[in-house]
Amino acid sequence: MTKNNKFALIDCNNFYASCERVFEPKLEGKPIVVLSNNDGCIVARSNEAKALGIKMGVPYFQIKNLILQNDVVVRSSNYPLYGDMSSRVMRIIAQYSPIQEIYSIDESFIDLEGLPFDLVTHMQSLRRQVRCWTGVPVCVGMGSTKVLAKLANRIAKKYPKFNGVFDIDALPYQRYKRLLRSVEVGDLWGIGRQSAKKLSRININSSYDFYKADIGIIETLLGVNGKRVYQELRGHSCVSIECIPPTRQQIVSSRSFGADLTDFDELNQALTILTRRAVNKLNNHKLAATTLTVFIYTNPHKKDKPCVHLSKTVGMTTATQDESLLIPLTAKILKLIYEPGHSFYKGGIVLGNLSKNYRQQDLFSMNQNSQSKADNYSKFNAIQSINRRFNESVKYASEVGNDMWQSRADFRSNRYTTSWNELLLV
DNA sequence: TCTGGGGTCCTAGGACCC
DNA sequence: TCTGGGGTCCTAGGACCC
């Protein structure tokens with residue numbers, strides 16, 4: 001290690017559940033769960049819900065009884081609300097360090113190295129300010145590597161005596177050792193279920209077992225990623241902060257449908273709308289794509305029916321961001337892969353091989369009537385600006401249909417911060 | 001009846017080249 | 001009987017993250 005790194009990980013506590021509470025304070029102290037799209041699985045739980053033994057990721061229908069018996073409050077996920085709350089939290093965090101990485105919707109790393117403050121006090125004031133300005137509770141973990149900051153955050157959350165801020169570097173070795181013994185290796189950042197299983201076969205179960213292990217064995221078993229975690233756990237920083245998000249490689253837009261679909265037109269409606277969403281994202285990032293993948297799946301959980309994965313990728317000669325090309329192309333690909341007789345439960349599209357959108361011309365189409373190209377381009381722009389202003393009011397015919405594909409969201413709260421019609425009433 | 005969505009990176013294997 | 005060595009690129013699948 002050449003320099004003394006110092007990272008902090010700020011993580012919102014039970015983020016989605018906390019966002020719901022901000023706008024419904026009567027939920028304070030009650031068990032809350034938030035469901036995934038289509039009200040399928042549990043994706044967030046308040047502490048009270050965790051205490052009831054509700055696990056992350058379990059299907060909602062499997063624990064419906066438990067939920068009813070314990071008066072658990074259920075919410076469908078409300079991404080416009082969470083996304084907006086997240087950006088408010090992130091802006092506050094940014095004031096506490098010049099170097100910030102927004103790692104996920106509810107987590108941010110900042111670089112604390114060289115800051116002329118007492119770091120624990122500095123982070124306590126961050127916590128207070130986020131809580132006070134947004135209503136969202138956060139905890140802060142500090143360490144000389146990202147893996148250690150993550151681990152420290154766990155401790156900050158778990159033990160109230162630290163008041164939400166914990167610096168793992170401050171521990172003397174004996175206590176650090178004890179801490180590692182109490183954490184399963186699979187709870188380290190970067191060690192997932194499969195790796196934990198492999199490690200368990202050679203009697204590595206706790207983080208301390210992992211810490212003590214031979215680096216060669218770890219690399220053989222887990223590859224470079226495992227080796228990185230190992231080194232970070234020993235205080236050698238291998239993963240740096242990324243202030244600028246790397247250009248994305250692909251844009252995915254997919255859904256499990258509200259009901260199983262068998263009909264071509266129903267599938268086409270769903271995929272058209274999903275394509276439009278992906279294209280909007282593409283344009284927001286000022287990117288263009290050269291490949292388009294369309295896929296439809298039957299439900300793998302239904303054991304009595306064959307599990308069918310149909311998909312096809314096509315490449316285009318030039319990178320495009322034009323929905324008037326991509327939407328018909330989706331329909332064309334769907335026609336190629338579609339097989340009648342199956343019940344499809346999920347589908348989507350992937351835009352791949354993304355590049356910066358320079359509106360580059362195809363070398364081989366230079367001779368084409370450039371006037372028709374220009375017409376096409378201005379039509380595309382006109383539709384886009386109308387849709388931005390009037391809420392997606394110009395549609396493709398294939399976007400209109402029976403809406404059978406629409407996901408369930410039976411328990412959605414209001415979009416309090418992003419929709420005029422859904423403001424909080426006082 | 002009912003089982004998320006959106007990403008990244010790594011690795012192994014195939015195709016291809018000289 | 002006997003079938004090189006070294007390299008690149010692409011893709012599919014696996015593992016991980018939230």
Side-chain angles (χ1 to χ4, degrees), chain A residues 9-12 14-16 33-45 55-65 67 74-79 82-83 86 101-109 146-147 150 153 185-199 219-229 238-239 242 245-260 274 277-278 281-282 285 290-291 293 295 297-305 307 309 311-313 315 343 345-354 407-411:
Chain A
L9 174 69
I10 298 98
D11 192 326
C12 302
N14 316 323
F15 183 56
Y16 298 168
V33 295
V34 179
L35 305 180
S36 63
N37 260 313
N38 220 11
D39 292 343
C41 297
I42 310 290
V43 291
R45 308 150 295 156
K55 295 268 181 282
M56 183 72 174
V58 289
Y60 169 55
F61 74 90
Q62 282 178 4
I63 55 161
K64 239 177 192 167
N65 279 337
I67 281 175
V74 179
R75 289 284 176 268
S76 304
S77 38
N78 185 347
Y79 291 105
Y82 310 149
S86 168
E101 172 185 344
I102 297 174
Y103 177 68
S104 74
I105 195 166
D106 68 337
E107 285 172 67
S108 175
F109 285 103
K146 282 181 159 182
V147 164
K150 268 271 189 187
N153 193 287
V185 67
D187 289 331
L188 292 175
W189 186 48
I191 305 291
R193 252 231 301 269
Q194 299 307 318
S195 300
K197 217 188 283 173
K198 281 186 201 164
L199 290 167
E219 187 169 12
T220 311
L221 208 58
L222 307 182
V224 292
N225 284 325
K227 187 175 155 191
R228 261 203 291 266
V229 179
C238 313
V239 189
E242 301 196 33
T247 5
R248 27 167 94 235
Q249 315 280 311
Q250 55 180 30
I251 288 170
V252 181
S253 177
S254 74
R255 277 293 174 281
S256 40
F257 309 129
D260 284 356
L274 291 172
R277 284 185 196 164
K281 216 183 274 181
L282 194 67
H285 286 89
T290 51
T291 66
T293 306
F295 60 88
Y297 298 158
T298 60
N299 194 334
H301 302 288
K302 286 188 175 159
K303 297 294 176 211
D304 53 327
K305 286 182 185 154
C307 175
H309 277 46
S311 85
K312 188 170 180 61
T313 302
S343 302
Y345 100 115
K346 177 176 181 166
I349 69 121
V350 184
L351 297 171
N353 204 0
L354 304 184
S407 303
R408 277 189 307 276
D410 295 338
F411 319 101

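So you know, we letter chains A, B, ... as the sequences are listed, proteins then strands, and number each from 1.
Looking only at side-chain heavy atoms (C-beta outward), A:Leu35 and A:Val43 stay at 4.5 Å or farther from each other. With a 4.5 Å cut-off on side-chain heavy atoms, A:Tyr345 and A:Pro300 count as touching. No side-chain heavy atom of A:Ser253 sits under 4.5 Å from any side-chain heavy atom of A:Lys281.
Between B:dG4, B:dC2, B:dG6, one nucleotide has an atom nearer to the side chain of A:Ser254 than all others, and that is B:dG6. Out of B:dG5, B:dT3, B:dG6, the shortest distance to the side chain of A:Val252 is found at B:dG6. For A:Gln250, the listed nucleotide lying nearest its side chain is B:dT8; candidates were B:dC2, B:dG4, B:dT8.
Across all strands, A:Ser253 comes closer than 4.0 Å only to sugar-phosphate atoms, never to a base (heavy-atom distances). Heavy atoms of A:Lys197 sit nowhere under 4.0 angstrom from any nucleic acid atom. Within the 4.0 angstrom heavy-atom criterion, no nucleotide atom of any strand lies near A:Leu35. Within the nucleic acid shown, A:Arg277 has no heavy atom closer than 4.0 Å to any nucleic acid atom. Here A:Asn37 lies in heavy-atom contact (under 4.0 Å) with sugar-phosphate atoms only.
A:Tyr297 has its OH atom 16 Å from the P atom of B:dT3, to the nearest Å. The NZ-C1' distance, from A:Lys305 to B:dC2, rounds to 14 Å in whole Å. In this structure, CZ of A:Arg408 is placed 13 Å from P of B:dT1, rounded to the nearest angstrom. We find that CE of A:Met56 is positioned 12 Å from C1' of B:dG5, with the value rounded to whole Å. Atom NZ in A:Lys303 sits about 13 Å away from atom P in B:dT3, given to the nearest Å. Spacing between atom OH of A:Tyr16 and atom C1' of B:dG4 amounts to 10 Å, rounded to whole angstrom units. When rounded to the nearest whole Å, the span between CZ of A:Phe411 and P of B:dC2 equals 16 Å. A straight line from CZ of A:Arg248 to P of B:dT8 spans 7 Å, rounded to a whole angstrom.
If A:Val224 and A:Tyr79 are placed on DNA chain B by their nearest nucleotide, the residue sitting closer to the 5' end is A:Tyr79. Residue whose closest nucleotide on DNA chain B sits further toward the 5' end, between A:Gln249 and A:Lys302: A:Lys302.
Taking side-chain N and O atoms only, A:Tyr345 has a distance below 4.0 Å to OP1 or OP2 of B:dG4. Distances shown here put a side-chain N or O of A:Arg255 below 4.0 Å from the OP1 or OP2 atom of B:dG6. Proximity of A:Asn38 to the phosphate of B:dT3: no side-chain N or O atom is located under 4.0 Å from OP1 or OP2. Side-chain nitrogen and oxygen atoms of A:Lys55 include none within less than 4.0 Å of the OP1 or OP2 phosphate oxygen of B:dT3.
A:Arg228 pairs by the side chain to side chain donor-acceptor pair (under 3.5 Å) definition with A:Asn225, not counting sequence neighbours. Residues passing the side chain to side chain donor-acceptor pair (under 3.5 Å) test with A:Asn37, sequence neighbours excluded: none. Under the ring-ring contact (aromatic ring centres under 6.0 Å, His included) criterion, A:Tyr103 pairs with A:Phe109, A:Trp189, not counting sequence neighbours.
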Decide yes or no on salt bridge (Lys or Arg N to Asp or Glu O under 4.0 Å) for A:Asp260 and A:Lys302, but give the supporting numbers first.
-> CA-CA 12 Å; A:Asp260 284 356; A:Lys302 286 188 175 159; 2.9 Å; yes
For A:Val33 and A:Ile63, what are the C-alpha separation, side-chain angles and deciding distance, and is it a side chain to side chain contact (heavy atoms under 4.5 Å, CB included)?
-> CA-CA 11 Å; A:Val33 295; A:Ile63 55 161; 5.6 Å; no
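Remark: side-chain polar atoms of A:Arg75 are not paired, donor with acceptor, to backbone N or O of A:Val34 under 3.5 angstrom. In terms of modelled atom types and a separation under 3.5 Å, the side chain of A:Ser76 and the main chain of A:Asp410 share a donor-acceptor contact. One N or O on the side chain of A:Glu101 and one on the backbone of A:Glu242 form a donor-acceptor pair closer than 3.5 Å.
The CG atom of A:Leu354 sits 8.0 Å away from the CZ atom of A:Arg248 when rounded to the nearest 0.5 Å.
Sorted by residue number, the list of members of residues 57-65 of chain A with any non-hydrogen atom under 4.0 Å from DNA chain C is empty.
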Treat primed atoms plus P, OP1 and OP2 as sugar-phosphate and everything else as base, then score nucleotides 10-18 of chain C 5' to 3': B for base contact with protein heavy atoms under 4.0 Å, S for sugar-phosphate contact only, - for none.
-> -----SSSS
Secondary-structure string, 5' to 3', Watson-Crick or G-U under 3.5 Å, | for another-strand partners, for DNA chain B | ....||||||||||||||
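Proximity of the aromatic rings of A:Tyr16 and A:Tyr79 is defined here by a centroid distance below 6.0 angstrom, and this criterion is met.
Nucleotides B:dC2 and C:dC18 have their C1' atoms positioned 24 Å apart, rounded to a whole Å.
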